Amino acid sequence: MVDHLLGIQGLSKSEIYRYLDTAHSFVEVSERDIKKVPTLRGKTIVNVFFEPSTRTLSSFDIAGKRLSADTINVSIGSSSVKKGETLLDTVRTLESMNPDVLVMRHSESGAPHFASRYLSRTSVVNAGDGAHEHPTQALLDLLTLRQHFATKKRGLEGLRVGFVGDVRHSRVARSSIWAHLTLGNEVRLIGPNTLVPTDFAKGAFGTDSVRVYNDLAKGLEGLDVVVSLRMQLERQEEHYVPNLDEYSKEYCVSERMLAKYAPDSIVIHPGPMNRGTEISGDVADGPRSLIRQQVTNGVAVRMAVLYLLARTVGATEEVGHG
Ligand code: NCD
């Protein structure tokens, strides 16, 4: 049976932990001198990116290669989409070459879901669709938090997590919020009303348990985890903030604010960062920041996702990755 990873919404707690446990077992491969295991030898992974990407694309590509799969990257600039081909034709053309996994990023919400409905032999992984979901980013954030809180003798549950900034346009926030709600964590959304509408949480997640704060200080109070989000200017067709200077005066996550209101918190950011807008340099480079670990963990998480999906495609045997 062909399996997909299209979003975090709908995944059970045990499915989330399955991805994280598998990712944990792959972390060590990237620390070896020879960073390669034969696990997916003979499998083909196509990374088709209809939107620009630096870290996600390179992370999937490296992940596939470390598993010994054959990987190819198709980006919009060099594909037939520019010549007017429909998404369905592009996807079917790629499937005709028999890849095992199609990793897709697209500016339209739902594009990978659409593709998955027409593919019978290929697993689809959503690498970010519009403002909808970015499941592997949520999983790598969780792996990073899990590693950090293990050093404090805590697990991933019972955490207070605050998302600061452009929640409205963030697929990273949506995927992560689903994950934290499934884990039973306290979720707060912090930002101006235009970017974090009061009724947003109820509408998007169907729960009253997500609290909205328009005041940064109040929202930060007592948080364990601060998720700083990039201002998604490319997705904002209207003006959601008067200007970026005004925005950063009120909502930039700075060491001064964290020291005062969330002194024990750690900070993550999916990248790319706008230093001085949503996060200050002293936080990004300071001791609370787990941003570099997030990128490192991105490879292990994508290895886990590719492994769990690709081995089910036409596989009759379990393949170890030792
Ligand atoms: C994010 C994305 O593209 O959704 N970046 C990423 O994948 N690391 C977040 C962003 O663009 O702000």
Side-chain angles (χ1 to χ4, degrees), residues 5-9 19 23 47-64 73 75-77 103-113 125-145 161-179 189-191 195-196 204 225-237 240-241 244 247-248 251-253 267-279 283-284 289-306:
L5 177 62
L6 301 174
I8 300 291
Q9 181 181 10
Y19 281 116
N47 297 312
V48 55
F49 277 56
F50 296 86
E51 246 193 3
S53 166
T54 312
R55 75 210 71 214
T56 306
L57 177 58
S58 45
S59 182
F60 269 108
D61 195 26
I62 289 173
N73 302 329
S75 61
I76 173 121
V103 177
M104 185 191 284
R105 170 167 285 194
H106 202 285
S107 58
E108 296 295 323
S109 297
H113 307 65
V125 178
N126 181 359
D129 64 322
H132 181 223
E133 281 237 34
H134 191 351
T136 56
Q137 180 72 42
L139 292 171
L140 74 88
D141 289 357
L142 291 180
L143 180 63
T144 307
L145 298 182
V161 185
F163 293 80
V164 186
D166 189 357
V167 178
R168 180 193 278 264
H169 299 99
S170 174
R171 54 196 175 201
V172 174
R174 270 184 192 65
S175 285
S176 290
I177 292 167
W178 281 119
L189 310 181
I190 306 161
L195 295 177
V196 191
V225 179
V226 177
V227 187
S228 172
L229 298 170
R230 185 175 67 86
M231 280 293 264
Q232 307 262 317
L233 294 172
E234 77 279 18
R235 291 189 216 288
Q236 300 183 5
E237 27 345 281
Y240 286 89
V241 293
L244 290 180
Y247 173 81
S248 65
Y251 295 104
C252 183
V253 174
V267 176
I268 57 176
H269 188 300
M273 285 184 276
N274 295 305
R275 284 170 185 263
T277 301
E278 72 261 1
I279 187 167
V283 173
S289 168
L290 300 180
I291 296 171
R292 300 278 294 276
Q293 284 96 305
Q294 287 176 274
V295 179
T296 302
N297 283 330
V299 175
V301 158
R302 282 147 188 150
M303 287 171 82
V305 169
L306 295 173

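If you're wondering where the values come from, they're calculated on a predicted model, not measured in any experiment. For ligands, and for the atoms within them, numbers begin at 1 and follow the listed sequence.
Atom OG of residue Ser75 and atom CG of residue Asn47 lie 10.5 Å apart, to the nearest 0.5 angstrom. From Asp141, atom CG reaches atom CG of Leu145 across 6.5 Å, with rounding to the nearest 0.5 Å.
The closest side-chain donor-acceptor pair between Glu133 and Ser175 falls under 3.5 angstrom.
When all heavy atoms of Ile8 and Ala138 are compared, the pair lying nearest together is CG1-CB, 3.9 Å. Taking every heavy atom of both residues into account, Leu229 and Ser170 meet most closely at CD2-OG, 3.7 Å.
In this structure, Arg302 forms a cation-pi arrangement with Phe60, its terminal cationic atom sitting closer than 6.0 Å to the ring centre and no more than 45° off the ring axis.
Of the heavy atoms in Arg105, only side-chain atoms (C-beta onward) come closer than 4.0 Å to ligand 1. Within the 4.0 Å heavy-atom criterion, the part of Arg171 lying near ligand 1 is the side chain and not the backbone.
Ligand 1 has no N or O atom lying under 3.5 Å from any N or O atom of Val172, backbone or side chain. Here's the thing with Pro272: none of its N/O atoms is less than 3.5 angstrom from an N/O atom of ligand 1.
Counting atoms of ligand 1 from 1 in the listed order, those under 4.0 Å from a heavy atom of His134 are 2 (C), 4 (O), 6 (C), 7 (O). In the vicinity of Thr56, heavy-atom distances shorter than 4.0 Å reach the ligand 1 atoms 6 (C), 7 (O), 8 (N). Close approach of ligand 1 to Gln232 is summarised as follows: ligand atoms under 4.0 Å from at least one heavy atom of the residue are 10 (C), 11 (O), 12 (O). Counting atoms of ligand 1 from 1 in the listed order, those under 4.0 Å from a heavy atom of Arg55 are 8 (N).
Regarding atom 11 (O) of ligand 1, its nearest protein heavy-atom neighbour is Arg230 NH2, 2.9 Å.
Which of Ala131, Gly298, Gly271 comes nearest to atom 9 (C) of ligand 1 through a heavy atom is settled by distance: it is Gly271.
At least one side-chain heavy atom of Arg230 sits less than 4.5 Å from a side-chain heavy atom of Pro272. By the 4.5 Å heavy-atom criterion applied to side chains, Val283 and His269 are not counted as neighbours.
Judged by the shortest distance from any of its heavy atoms, Pro270 lies inside the 4.0 Å radius around the atoms of ligand 1.
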